[in-house]
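All values below come from the heavy atoms of this structure, side chains included, with hydrogens, waters and symmetry mates left out. Letters go in sequence order (proteins before strands), and every chain restarts at 1.
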There are 2 protein chains.
Amino acid sequence: MKNNNALKSAENGGSPSDEAHLDRVFHALSDPTRRAIVQRLSGSSGTVSALAEPFDMSLNAVSKHLKVLEGARLIKRDIVGRTSVCSLNIDPLVNAHEWIQQYTQFWNEVLDSLEMHLDADAAEPGAAAKKDERP
Amino acid sequence: MKNNNALKSAENGGSPSDEAHLDRVFHALSDPTRRAIVQRLSGSSGTVSALAEPFDMSLNAVSKHLKVLEGARLIKRDIVGRTSVCSLNIDPLVNAHEWIQQYTQFWNEVLDSLEMHLDADAAEPGAAAKKDERP
DNA sequence: CAAATTCTCAACCATTTGGTTGAATATAAC
DNA sequence: GTTATATTCAACCAAATGGTTGAGAATTTG
């Protein structure tokens with residue numbers, strides 16, 4: 001198993017009534033503005049007005065988006081003076097990631113083993129694990 | 001890089017006006033009924049009524065959910081006689097997976113390298129890249 | 001052909017969503 | 001203390017969502 005750091009943190013802080021939480025996380029990610037905010041916050045944290053600046057909508061609209069992200073626990077806020085600084089929390093992303101991986105992983109294994117059998121140069125066993133070493 | 005099969009198929013068939021497609025995929029996954037259907041279909045394909053059977057809602061409601069999943073290209077339908085058989089298409093799942101991975105991956109690397117420094121038995125360099133080879 | 005099965009389409013309804021504007025709150029600066 | 005800045009709250013609105021029921025359309029069965 002890899003990525004166990006994130007997995008661990010997801011187990012700890014990331015499962016409050018699991019299904020409903022996944023609802024909120026996927027819903028939060030279903031909007032392009034909110035995905036852009038996540039993207040932006042993956043670089044560095046920022047205040048509400050800084051986050052709102054690139055978007056062609058009112059500050060209030062962005063504030064609402066931030067509340068949706070906060071509801072999904074994708075961001076946390078630190079109140080600094082009169083500004084509130086938002087930063088990314090990847091735990092719910094890991095939850096979503098894991099949910100999706102249940103299904104992609106199985107099929108990737110099927111396809112990988114299929115390709116292992118179809119590949120002409122797959123003579124030595126165990127080649128499927130080092131496929132990307134081929135330039 | 002591994003799992004390049006799914007990555008490849010995602011590049012080919014999975015990017016039609018990318019952003020809007022991600023909207024639809026994440027939205028499709030934000031509903032528990034639809035996630036259950038995806039889960040169910042990951043086992044085997046099924047007709048509309050077979051898929052509707054476990055749920056406490058009308059057949060029509062499930063039909064709508066299937067249409068949402070179809071709109072996100074998460075399922076495809078094969079009309080067999082008077083039944084339509086739905087099956088899973090993981091390409092959009094891989095797209096979503098990749099989007100999320102942009103952010104989880106970076107932090108996993110940070111955390112992994114942090115753990116590498118904290119772990120007592122992390123003496124040899126380059127260990128972070130082969131963590132999952134450890135049984 | 002008639003009847004039953006499988007599924008979609010259309011209309012309707014309550015609730016949520018994503019946006020707006022305007023007022024209110026709290027902190028910082030003058 | 002007054003004014004400017006940063007942010008949220010409240011009300012409102014159009015559109016989308018998730019569900020319902022009832023009427024078709026297509027296919028299989030009797």
B/V80/B/T47 under side chain to side chain contact (heavy atoms under 4.5 Å, CB included): CA gap, chis, key distance, verdict = CA-CA 9 Å; B/V80 171; B/T47 66; over 6 Å; no

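In this structure, A/S49 does not reach the D/dA6 phosphate: none of its side-chain N or O atoms is under 4.0 Å from OP1 or OP2.
Residues A/F55 and A/V68 are members of separate hydrophobic clusters, defined by side-chain heavy-atom contacts under 4.5 angstrom among Ile, Leu, Val, Met, Phe, Trp and Tyr. When the side chains of ILVMFWY residues are joined at heavy-atom separations under 4.5 Å, either directly or via intervening members, A/W99 and A/L93 end up in a single hydrophobic cluster. Following chains of ILVMFWY side-chain contacts shorter than 4.5 Å, one cannot reach B/I75 starting from B/V85, and the two form parts of different hydrophobic clusters.
Summarising the geometry, the separation between CG on B/L66 and P on C/dC9 is reported as 12 Å, rounded to the nearest angstrom. For the pair B/R24 CZ and D/dT17 P, the interatomic distance rounds to 11 Å; values are reported in whole Å. For A/D23 and C/dT15, the CG to P distance is 19 Å, given to the nearest whole Å. Put simply, CG on A/L69 is 13 Å from P on D/dT8, counting in whole angstrom units. Distance, B/K67 NZ to D/dA16 C1': 14 Å, rounded to whole Å.
In this structure, CG on B/L41 lies 11.0 Å from CG on B/N89, to the nearest 0.5 angstrom.
Legend: side chain to side chain donor-acceptor pair (under 3.5 Å) pairs involving residues 51-70 of chain A, not counting sequence neighbours, sorted by first then second residue: A/R34-A/H65, A/E70-A/R77.
Residues A/L74 and A/L29 meet the side-chain proximity criterion, which asks for heavy atoms closer than 4.5 Å. Side-chain contact check for A/V25 versus A/N95: every heavy-atom pair is 4.5 Å or farther apart.
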Tabulate protein N/O versus nucleotide N/O from nucleotides 26-30 of chain D, keeping only pairs under 3.5 Å, one per line.
residue	atom	partner	partner atom	Å
D/dT27	O2	B/R82	NH1	3.2

How does each nucleotide of nucleotides 17-22 of chain C score, in 5' to 3' order, for protein heavy atoms under 4.0 Å: base (B), sugar-phosphate only (S), or none (-)?
-> SSBBBB

